[in-house]
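Lettering follows sequence order; numbering is per chain, from 1. Everything quoted here is computed from the prediction, not taken from an experiment.
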Amino acid sequence: MIKSQLQQWVESCFDKGVAQGLWSSAAANSYVLEEPKHEGQGDYACNAAMIIAGREKKATGKKVNPRKVAEQFVELLRLNTDLLAKVEIAGPGFINFFMHPSVWAQVLAVVDTEDNTFGFAAKKYGQRVLVEFVSANPTGPLSIGHGRQAVLGDSIARLLEAVGYDVEREYYYNDAGRQMRVLGASTQARYLELLGEESQFPEDGYQGDYIRDIAQSIIDDQGDGMQDVTDVLLFKKVAEKAIFKDIDGTLTRMGIKFDHYYNEHTLYDDGHIDEVVSILRDKGLVYEKDDATWFKTSEFGQEKDRVIIKSSGEPTYRLPDICYHREKFKRGYDWMVDIFGADHIATVPDVMAGLTALGYDASKVTVVLHQFVTLMRDGKQVKMSTRKATFVTIDELIDEVGLDAVRFFFLMRKADSQLEFDLEVAKEEGKENPVFYVQYGHARVRTIFTKAVEKGVEPGDFSEADFSLLTLPEELKIMKAIGAFPALVQGAAADLAPHRIVFYLRDLAGQFHHFYNEYRVLDPDQVALSRARLWLMICLSKVLRNGLGLIGVSAPESM
RNA sequence: GCGCCAAUAGCUCAGCUGGAUAGAGCAACGGCCUUCUAAGCCGUAGGUCGCAGGUUCGAAUCCUGCUUGGCGCACCA
């Protein structure tokens, strides 16, 4: 906001320097404007002089003194006295900008006008992005790992919406195949078991109690009428329906709504699978060996070729995966984002190779891989195993710590990092718990407004507030932080990194708590100052609310 | 054996395209409530950024090798 104004000014001065023959345009767009870490280094700092010196040296072979370049640059930069109070040269040639204190309040007007869209960009014209996530096959309730993925995917989708994309959320699943047959057999075994009949539980069957519940529901509905059914498919169907209902309930509870559920089956029914194979065959990228069909992935930088159709005639997971992504392309998305768990990494190169082979631009697909989650209870890791069904479901997790904590905690780490979820901390009602800290911040601001009414110090019209009264470093810092929000959202969206929103919110809430403790917003003896501060607080609360919205966490009015 | 990810304070982690003396939060220690929620704030202490080289004005960040942990490496998904 303020920064982009400065950015423009710096660029125009850079161009002036080029026009005056002070330096060439070689360094254009390669220098950066950043926020220095230390006090005394200004509000922003620019490394242009060093970059220019470097480029000039490369071009001419002559040594160029960065500080000298900085001096020339600063001569030009100084002229904007509306924006800048002071420009200094420091260190090896950094240019430090000290903004005119009055500039910061500009952002408040923007927040006031844009309100619940502050920080978000206008719709991009026709830019469609598809975010695929969760995509769990209906073999059991959503577990912790799916939870991280669900929250990550949904928040990424929210971020992309915030920067103007038309976003669609998609869930891809497969209700055929071996896993599902095992599910059917497991259900059947439990059914017979509950009826007191002899049964053989599959060796690799699903041992979770939910299978027993499903079996019981079959008994409730149809009694023992299915005893002689030999087709596990019937059991599979019932189990699948029940489990999907459960998954759907969990997702709804998490505030996540998918636009599409894409069933792998479609790919077979519509003949896309055969189509892809024949296209690849025509291109000479497919061959037969040992009764199986192989895809020449080695031609796309991989170690070896991979089987796409088993000798049994059944495709391996790669083929439908490639095919599915081809369908995404055909549906015309500008960008496709896949959220996968780290265990699915092996499919990524295969899909990319497949798409490239089919003539699509694979760079339009971005895969976000997230590492696993470890649950910690009393400082010890909670051991989980899917097969033994000792896993913790998302529903159980939400029951224990609440949805807001679940969402917030899953976003506290970047996707690349393993995530340690501390159940004790998540339940804490105090500043040790980051969700609580941020939400309490929001609630605390809001209560000032109700108090304001009681004390007869109301904010009045925004246009009548005198923000020149806000001169405290803390006040300016809050305005600066508010002003940085839109760029933060842009960056977090571009890098698919919702955890940055979390860090920002913790920081902003921290600034608020500090201010709240140090100064009083409401002072009947200083009405004008109180009004300005009230408006500052109103804007702050809106940014907290908008930020929490991006990660799907509620912003309570009181706690 | 090969590939991907990670390695930063006692613990959990930030650090965006390399930037100036390394950042939070917890935990530890010491303070702050007659005033808008102390569900909070302030202060102190804490670091060879896994190890070794290299690239350059400048490296936690980029390159190479190594060590440790996680996940993969199927005619499972």
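- If you take CZ of R500(A) and P of G15(B), they are 7 Å apart, rounded to a whole angstrom.
- Residue contacts for A494(A): at a heavy-atom cut-off of 4.0 Å it reaches no nucleic acid atom on any strand shown.
- For the strand RNA chain B, secondary-structure stems (runs of at least three Watson-Crick or G-U pairs, all distances below 3.5 Å) span B:1-7 with B:67-73, B:10-13 with B:23-26, B:28-32 with B:40-44, B:50-54 with B:62-66.
- Taking atom CD on E420(A) and atom P on A14(B), their separation rounds to 12 Å, with Å as the unit.
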Polar atoms only, N or O, under 3.5 Å: list the protein pairs with nucleotides 22-24 of chain B and their distances.
{"unit_1": "G23(B)", "atom_1": "OP1", "unit_2": "H38(A)", "atom_2": "NE2", "d": "2.8"}

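- Spacing between atom CD of Q511(A) and atom P of C42(B) amounts to 11 Å, rounded to whole angstrom units.
- With rounding to whole Å, E35(A) atom CD is found 15 Å from A14(B) atom C1'.
- Between the side chains of E264(A) and N174(A), a donor-acceptor pair is found at a separation under 3.5 Å.
- Distance noted for atom C1' between C51(B) and G58(B): 22 Å (whole Å).
- Sequence neighbours left out, the pairs with a member in residues 428-459 of chain A that pass ring-ring contact (aromatic ring centres under 6.0 Å, His included) are Y437(A)-H513(A), Y440(A)-H513(A).
- Residue D495(A) is classed as a sugar-phosphate contact, given heavy-atom separations below 4.0 Å to backbone atoms only.
- A salt bridge (Lys or Arg N to Asp or Glu O under 4.0 Å) check over residues 494-514 of chain A, counting only residues at least two apart or in different chains, returns the pairs D495(A)-R500(A).
- For T450(A), the side-chain contact (heavy atoms from CB on, under 4.5 Å) partners are T447(A), not counting sequence neighbours.
- N96(A) comes within contact range of at least one nucleobase, with a heavy-atom separation under 4.0 Å.
- Looking at residues two or more places apart in sequence or on another chain, you find a side-chain contact (heavy atoms from CB on, under 4.5 Å) between L476(A) and P101(A), W104(A), M479(A).
- Between M376(A) atom CE and C13(B) atom C1' there is a gap of 14 Å when expressed in whole angstrom units.
- Ring pair F73(A)/F14(A) is tilted by interplanar angle, where 30° to 60° counts as tilted.
- Under 3.5 Å, the side chains of D338(A) and H344(A) contain no donor-acceptor pair of N or O atoms.
- Listed by first and then second residue, the salt bridge (Lys or Arg N to Asp or Glu O under 4.0 Å) pairs involving residues 305-325 of chain A are K310(A)-E314(A), R318(A)-D350(A) (not counting sequence neighbours).
- At least one side-chain nitrogen or oxygen of H499(A) sits closer than 4.0 Å to the OP1 or OP2 atom of G15(B).
- Within the 4.5 Å cutoff, side-chain heavy atoms of Y44(A) are placed close to those of E35(A).
- Annotated as syn: C33(B), whose O4'-C1'-N torsion sits within 90° of 0.
- Place G510(A) and D416(A) on RNA chain B by their nearest nucleotides, and D416(A) ends up nearer the 5' end.
- Rounded to a whole angstrom, the distance from the C1' atom of A52(B) to that of G43(B) is 40 Å.
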Heavy-atom contacts, protein to nucleotides 32-39 of chain B, under 4.0 Å, summarised as B (base), S (sugar-phosphate only) or - (none) per nt, yield ---BBBSB
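- Under the salt bridge (Lys or Arg N to Asp or Glu O under 4.0 Å) criterion, R446(A) pairs with E557(A), not counting sequence neighbours.
- A search for side-chain contact (heavy atoms from CB on, under 4.5 Å) contacts involving E424(A) returns R377(A), D378(A), D422(A), K427(A), not counting sequence neighbours.
- A side-chain donor-acceptor contact under 3.5 Å links Y171(A) to the backbone of A136(A).
- In this structure, the side-chain contact (heavy atoms from CB on, under 4.5 Å) partners of R67(A), at least two apart in sequence or on a different chain, are N65(A), I89(A).
- Distance check on atom P: C63(B) versus G3(B) gives 15 Å, rounded to whole Å.
- Of the possible polar contacts, none joining the Y516(A) side chain to the V445(A) backbone as a donor-acceptor pair under 3.5 Å is found.
- Among the atoms of the strands shown, base atoms are found under 4.0 Å from some heavy atom of I51(A).
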Annotated protein contacts, base or backbone, on nucleotides 69-77 of chain B with a non-hydrogen cut-off under 4.0 Å, one of B, S, - each:
BSSS-SBSB
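- Counting only N and O atoms by type, the side chains of E240(A) and Y173(A) include no donor and acceptor under 3.5 Å apart.
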